[in-house]
2 protein chains.
Amino acid sequence: MQVLSYTEENYLKGIFKLTIEMADKTEAGTNEIATHLGVKPATVNDMLKKLKDKKLIHYERYGKSSLTKEGKKRAIEIVRKHRLWETFLHEKLAFNWDEVHEVAEQLEHIQSKKLIDKLDQFLNYPSADPHGDLIPNAKGELSILPRKTLIEELVGHQCKMVGVKDNSAEFLKYVDKLGLSINQPIKVKAKQAYDNQIDIEVNGKKHSISPKFAEQIIIVCPTCNKK
Amino acid sequence: MQVLSYTEENYLKGIFKLTIEMADKTEAGTNEIATHLGVKPATVNDMLKKLKDKKLIHYERYGKSSLTKEGKKRAIEIVRKHRLWETFLHEKLAFNWDEVHEVAEQLEHIQSKKLIDKLDQFLNYPSADPHGDLIPNAKGELSILPRKTLIEELVGHQCKMVGVKDNSAEFLKYVDKLGLSINQPIKVKAKQAYDNQIDIEVNGKKHSISPKFAEQIIIVCPTCNKK
DNA sequence: TATAATTGTTAGACTAGCCTAACAAATTTT
DNA sequence: AAAATTTGTTAGGCTAGTCTAACAATTATA
């Protein structure tokens, strides 16, 4: 598989944003792409011809552009890398969520399949980046798992925290104390019929939490949705 | 502080390796740099003029080149980034020590002071990378003992292995068999004038090694440098 | 020391990615 | 439907980084 230049990758990513992530359109015009990327239309025109030759986009003279199947696949790989790096910067290196984008713009162009797969693993296969945007998996699939709260999770299942409902300092402090954070795996060990307390395991540590608390923790559960 | 291009950074790093990390020289020739970087001498010639204009190297027509104070500072920053990334890949993402170099070659060019300082912190301020090479700190300080190969070491001196040149499985297996590893002390007992075999002592055990082998073992020798 | 070999430089050409200026096609407005 | 506006294309030029081929300076050798 041919390696694309830094610039070619940025064009694919830009066209992806304009045609696939924007709900209302499936094609992008030359001027529109130019504005989005901060270059002149003449420059875009040259690149569109080049990307067409490489079979990464559909393009005809005076027409709009869109990604081919291969082009879309490539674009999704770049988006995946971008969002995984953002997650890394935020979760592991304590960058603020509004500082991560600029650095991820550079990191997303690093060429190494092994690197990105290992990073994914290291981050616990996150499904969303610090901005809440979904992260495609290694196959390029955007898994939209239904969200629920921890109180609804089945005993024996392993789920992943993706957010909270309560945002009070008091609540967040408790969340923190239990070792919970975005993308943190949680295993439900048992539920007490008597008072609905839930026994969970987080990072090897066991806790018993109240239903009131569990109700505030938003999760997704791959196990529930498999098959 | 002006930002250097990917290519300019690679030239500085190359000149650094040839003039500062190699024991016996303080200047590098045009052809030598070309060979090291895998480009033609004519190309190097252009870049040397450019780096001279930017006051990053000392260079005169038909003369050898060396880094200025500023050039050296820049080169050390790149080396620092390279080695921190190697450490990250090895320690956090479970890359083998012989797989990290290629990816670090790309990562070392990411421009973000904050990123590299956070990474340093995340890794607990490591002082050596997976190959045993020293990592300069944020101030660029590094206790540089000149590196050379075992074949150059004087009889009677005790040195320390800090790396290898050959990375083939065959070679590394032999290295292992002799009890050699990063930071392993080696004593040179004798050299045979007849066939240049070198008698060494590693961990109390004596071995006789070929010059071909010795040439691949990178060492530092405190004795040689203690005047 | 004269010659050969090596090392370094110059000139000219190429590509990728960018630009401006002029023009052409498509679309919108009147 | 003609004119005006917007959108897209082309031609030609620029820079960084690369190359080859010819030449010049330096160094090693006979």
Side-chain angles (χ1 to χ4, degrees), chain A residues 2-15 18-19 22 24-67 71 74-75 78 105-106 108-109 111, chain B residues 2-15 18-19 22 24-67 71 74-75 78 105-106 108-109 111:
Chain A
Q2 74 197 311
V3 171
L4 302 180
S5 74
Y6 189 102
T7 311
E8 288 168 330
E9 290 198 342
N10 277 138
Y11 275 85
L12 287 186
K13 192 179 55 156
I15 298 170
L18 294 173
T19 61
M22 287 296 178
D24 53 333
K25 294 194 288 91
T26 58
E27 298 179 309
T30 304
N31 281 11
E32 192 186 356
I33 296 169
T35 306
H36 183 76
L37 296 178
V39 297
K40 299 293 166 190
T43 308
V44 172
N45 190 261
D46 287 346
M47 183 59 88
L48 293 181
K49 290 173 188 165
K50 193 172 151 193
L51 292 175
K52 188 197 165 152
D53 285 350
K54 293 195 175 187
K55 297 194 174 18
L56 295 167
I57 64 168
H58 300 294
Y59 164 75
E60 295 302 334
R61 207 155 163 270
Y62 289 104
K64 308 271 182 190
S65 305
S66 62
L67 297 174
R74 294 305 202 90
I78 300 160
E105 286 287 295
Q106 296 179 62
E108 73 191 6
H109 300 290
Q111 302 291 160
Chain B
Q2 74 198 310
V3 171
L4 302 179
S5 72
Y6 189 104
T7 311
E8 287 169 330
E9 289 197 345
N10 276 139
Y11 275 85
L12 286 185
K13 194 180 55 157
I15 298 170
L18 293 172
T19 61
M22 281 299 168
D24 53 332
K25 295 194 287 94
T26 58
E27 298 178 311
T30 304
N31 282 11
E32 193 185 354
I33 296 169
T35 306
H36 183 77
L37 296 178
V39 296
K40 299 293 167 190
T43 308
V44 172
N45 190 263
D46 288 345
M47 183 58 89
L48 293 180
K49 289 173 188 166
K50 191 172 153 194
L51 293 175
K52 189 199 167 151
D53 286 348
K54 293 196 174 185
K55 298 196 178 6
L56 295 168
I57 65 167
H58 301 293
Y59 164 76
E60 296 302 334
R61 208 156 161 268
Y62 289 104
K64 308 272 182 190
S65 305
S66 62
L67 297 174
R74 293 305 202 90
I78 300 160
E105 285 287 295
Q106 297 179 61
E108 73 190 6
H109 299 290
Q111 301 292 160

Practice task
Return the nearest nucleotide to the side chain of B:K64; candidates are C:dG8, C:dT10, D:dT9.
Solution key: C:dG8

Exercise for the section: Please work out which residues in residues 3-11 of chain A have a non-hydrogen atom less than 4.0 Å from an atom of DNA chain D and list them by number. Expected result: none

Problem - Distance, rounded to the nearest Å, where A:L48 contributes CG and C:dC18 contributes P - result: 12 Å

Problem - Euclidean distance, atom CG of residue A:D46 to atom C1' of D:dT9 [Å, nearest integer] - result: 10 Å

Fill in the blank from the handout: Among the nucleotides D:dT10, D:dT9, C:dA11, whichever has the atom closest to the side chain of B:A42 is C:dA11

Exercise for the section: Go through B:S66 and B:T26 one step at a time and tell me if the side chain to side chain contact (heavy atoms under 4.5 Å, CB included) criterion holds. Expected result: CA-CA 7 Å; B:S66 62; B:T26 58; over 6 Å; no

Fill in the blank from the handout: side chain to side chain contact (heavy atoms under 4.5 Å, CB included) filter on B:T7, not counting sequence neighbours, yields B:S5, B:Y11, B:M47

Completion exercise
The side-chain hydrogen bond (donor to acceptor under 3.5 Å, both in side chains) partners of A:K40 (sequence neighbours excluded) come to none

Practice task
I would like to know whether A:L48 and A:I33 meet side chain to side chain contact (heavy atoms under 4.5 Å, CB included); could you show each step before the answer?
Solution key: CA-CA 10 Å; A:L48 293 181; A:I33 296 169; 4.2 Å; yes

Exercise for the section: Using a heavy-atom cut-off of under 4.0 Å over every strand shown, decide if B:T30 touches base, sugar-phosphate, or nothing. Expected result: sugar-phosphate

Exercise for the section: Calculate, to the nearest 0.5 Å, the distance between atoms CD and CD1 belonging to A:E32 and A:I15 respectively. Expected result: 10.0 Å

Completion exercise
Heavy-atom nearest nucleotide on DNA chain C taken for B:N31 and for A:T43; more 5' hit belongs to B:N31

Completion exercise
When A:K54, A:Q2, A:R74, A:K13 are each screened for side-chain hydrogen bond (donor to acceptor under 3.5 Å, both in side chains) with A:E8, the one that passes is A:K54

Exercise for the section: With sequence neighbours left out, write down each residue that passes side-chain hydrogen bond (donor to acceptor under 3.5 Å, both in side chains) with A:K55, or none if nothing qualifies. Expected result: none

Practice task
Supply the atom-to-atom distance A:L67 CG to A:H58 NE2, rounded to the nearest 0.5 angstrom.
Solution key: 8.0 Å

Completion exercise
Closest of D:dT18, D:dT10, C:dG8 to the A:K49 side chain is D:dT10

Fill in the blank from the handout: Separation of C:dA21 atom P from A:K40 atom NZ, nearest Å, is 10 Å

Practice task
Ignoring backbone atoms, test whether A:N45 places a side-chain nitrogen or oxygen under 4.0 Å from the OP1 or OP2 oxygen of D:dT9.
Solution key: yes

Exercise for the section: Apply ring pair (Phe, Tyr, Trp, His ring centres under 6.0 Å) to B:H109 and list each qualifying residue two or more places apart in sequence or on a separate chain. Expected result: B:Y6

Check nucleotides 22-26 of chain D for protein N or O atoms closer than 3.5 Å to its own N or O atoms and list the pairs.
residue: D:dA25; atom: O4'; partner: B:Y62; partner atom: OH; Å: 3.4

Practice task
Calculate the interatomic distance between B:L37 atom CG and D:dC19 atom P; express it in whole Å.
Solution key: 11 Å

Handout entry: Gap between atoms CE and P, on B:M47 and D:dC19 respectively (whole Å)
Key = 12 Å

